Novice: 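Sharing a structure, written as structure tokens. Questions coming.
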Amino acid sequence: LQALLVAAGVMCCLAMSVPQVHLIAYSRDLGYGAARGAEMLSLMLGASLVSRVPFGWTADRIGGLANLLLGSVLQAAALLLYAFFDGLDALYAISALFGLVQSGVIPSYAVIVREYFPAGEAATRLALIAVANFAGMALGGWMAGEIFDLTGSYRTAFLGGVLWNAGNAAIVAWLLLRSLRRPAFVSL
């Protein structure tokens, strides 16, 4: 379970970092300028602050794995929108949407650790997942840049992010289906 959560974390953050790292450059390439891209990024990050509490509430009600799957699917959908819409108003709306959905993904891992592992192991297990998430963020920003350099298109980079997100969602869906057949670890 730990190894799969680490792999899911890498894939999730590979996808998450694409617009976070490249939105300003993407905005410049479209002719809107760096300032508009910075506004979109600010909107994205502001929206991510707003969604932390609702995603936490949802995780407490449906469970960490289901919440992570929900966030991953929504994040992939938002990335897909980036690939096919490049109008200024659309990019502002997509950035807000992406911020709302990406923010709830990472805290889901803490809920999953709480649900499936003994409390005494939480710090180590969360640290391993956090390192995987940070590695995914670093790799995703770099890989999207490499994809852009090879193809001259951010669309391809966004679609690559969707594929990484699909890998994350596949792992999480498999874990969720498996957990429905087995009771979770219960600590009293």
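As the structure is a prediction and not an experimental result, all values here were calculated from the model.
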Novice: Under 3.5 Å, side chain of Ser51 to main-chain N/O of Leu100, donor-acceptor pair present?
Specialist: yes
Novice: So, taking the atom named CE in Met16 and the one named CZ in Phe98, what distance separates them when rounded to the nearest 0.5 Å?
Specialist: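 Interatomic distance, Met16 CE to Phe98 CZ, rounded to 0.5 Å: 6.0 Å.
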Novice: For a side-chain hydrogen bond (donor to acceptor under 3.5 Å, both in side chains) check, start with the C-alpha distance between Ser103 and Arg52, then their side-chain angles and the critical distance, and finish with the verdict.
Specialist: CA-CA 6 Å; Ser103 181; Arg52 287 284 174 148; 2.6 Å; yes
Novice: Looking only at atom types and distance, does a side-chain atom of Thr58 sit under 3.5 Å from a main-chain N or O of Pro54, one as donor and one as acceptor?
Specialist: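 At least one qualifying donor-acceptor pair exists.
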Novice: Could you state the interatomic distance from CG (Asn168) to CG (Leu163), rounded to the nearest 0.5 Å?
Specialist: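 Output value for this atom pair is 12.5 Å.
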Novice: Would the distance check show the side chain of Ser27 and the main-chain N or O of Gly33 forming a donor-acceptor pair, the cut-off being under 3.5 Å?
Specialist: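 Side chain of Ser27 to backbone of Gly33, a donor-acceptor pair under 3.5 Å: yes, one is there.
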Novice: Verify the neighbour count for atom CZ of Phe134: are there more than 12 heavy atoms of other residues, nucleotides or ligands below 6.0 Å?
Specialist: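 Counting neighbours around CZ of Phe134, 12 or fewer heavy atoms of other residues, nucleotides or ligands fall under 6.0 Å, so no.
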Novice: Taking ring-ring contact (aromatic ring centres under 6.0 Å, His included) as the definition, give me every residue that meets it alongside Phe148, ordered by chain and number, with sequence neighbours left out.
Specialist: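 Partners of Phe148 by the ring-ring contact (aromatic ring centres under 6.0 Å, His included) criterion, ordered by chain and then number, come out as Tyr154.
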Novice: So, do Val10 and Asn133 sit near enough that their side-chain heavy atoms are less than 4.5 Å apart?
Specialist: no
Novice: Is the backbone N or O of Cys12 less than 3.5 Å from a side-chain atom of Asn165, with the two atoms forming a donor-acceptor pair by type?
Specialist: no
Novice: Nearest 0.5 angstrom please: Leu88 CG to Met40 CE, how far?
Specialist: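 One gets 5.0 Å once the value is rounded to the nearest 0.5 Å.
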Novice: I need the minimum non-hydrogen distance between Ala59 and Glu115, along with the two atoms involved.
Specialist: O-OE2, 4.4 Å
Novice: For Arg61 and Trp57, indicate whether the former's side chain and the latter's backbone hold a donor-acceptor pair under 3.5 Å.
Specialist: yes
Novice: Is any side-chain heavy atom of Gln75 less than 4.5 Å from a side-chain heavy atom of Val105?
Specialist: yes
Novice: With the 4.5 Å side-chain cut-off for hydrophobic clustering, are Val111 and Leu126 part of the same group?
Specialist: no
Novice: How long is the gap from CG on Leu79 to CZ on Phe84, to the nearest 0.5 Å?
Specialist: 11.5 Å
Novice: For Val18 and Leu23, what are the C-alpha separation, side-chain angles and deciding distance, and is it a side-chain contact (heavy atoms from CB on, under 4.5 Å)?
Specialist: CA-CA 8 Å; Val18 175; Leu23 193 54; over 6 Å; no
Novice: Measure across Ile171 and Ala7 and return the closest heavy-atom pair with its distance rounded to 0.1 Å.
Specialist: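 Residues Ile171 and Ala7, closest heavy atoms: CD1-CB, 4.0 Å.
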Novice: Can you confirm whether Leu4 sits close enough to Trp174 that some side-chain heavy atom of one is under 4.5 Å from a side-chain heavy atom of the other?
Specialist: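 Side chain of Leu4 against side chain of Trp174, heavy atoms only: contact under 4.5 Å found.
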Novice: Does Ser17 use its side chain to pair, donor to acceptor, with the backbone of Leu14 at less than 3.5 Å?
Specialist: yes
Novice: For the atom pair CG (Leu41) and OG (Ser95), what is the distance rounded to the nearest 0.5 Å?
Specialist: 8.0 Å
Novice: Does Val53 share a hydrophobic cluster with Val50, counting links as ILVMFWY side-chain heavy atoms below 4.5 Å and allowing steps through other members?
Specialist: no
Novice: Could you report the tightest heavy-atom contact between Ala15 and Gly161, atom names first, then the distance?
Specialist: CB-O, 3.1 Å
Novice: Hydrophobic clustering (ILVMFWY, side-chain heavy atoms < 4.5 Å, transitive) - are Ile62 and Ile106 grouped together?
Specialist: no
Novice: Going by heavy atoms in the side chains, are Leu91 and Tyr82 under 4.5 Å from each other?
Specialist: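 Leu91 vs Tyr82: side chains touch.
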Novice: Between Ile147 and Leu159, is there a side-chain heavy-atom distance shorter than 4.5 Å?
Specialist: no
Novice: Using side-chain heavy atoms (C-beta onward) and a distance below 4.5 Å, is Leu65 in contact with Tyr116?
Specialist: yes
Novice: Can you give me the closest heavy-atom contact between Ala78 and Val101, atom names plus distance?
Specialist: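 For Ala78 versus Val101, the nearest heavy atoms are CB-CG2, 4.4 Å.
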Novice: For residues Gly71 and Phe55, report the shortest heavy-atom separation together with the two atoms involved.
Specialist: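 Gly71 and Phe55 have their closest heavy atoms at CA-CE2, 4.1 Å.
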Novice: Please answer: with hydrophobic residues joined when any side-chain heavy atoms are less than 4.5 Å apart, are Leu45 and Leu43 in the same cluster?
Specialist: yes
Novice: Can you confirm whether Phe117 sits close enough to Leu1 that some side-chain heavy atom of one is under 4.5 Å from a side-chain heavy atom of the other?
Specialist: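 Touching, per the 4.5 Å side-chain cut-off.
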Novice: Of all heavy-atom pairs between Ala8 and Val172, which one has the smallest distance, and what is that distance?
Specialist: CB-CG2, 4.3 Å
Novice: Would you say that Phe85 contacts Ile94 through its side chain, given a criterion of any heavy-atom pair below 4.5 Å between the two side chains?
Specialist: yes
Novice: Is it the case that one hydrophobic cluster holds both Tyr26 and Leu97, taking links as side-chain heavy atoms less than 4.5 Å apart, direct or via other members?
Specialist: yes
Novice: Taking it one step at a time, do Gln102 and Gln20 satisfy side-chain contact (heavy atoms from CB on, under 4.5 Å)?
Specialist: CA-CA 10 Å; Gln102 61 114 17; Gln20 289 180 352; 2.7 Å; yes
Novice: Once you round to the nearest 0.5 Å, how far does CD of Gln2 lie from CZ of Arg125?
Specialist: 5.0 Å
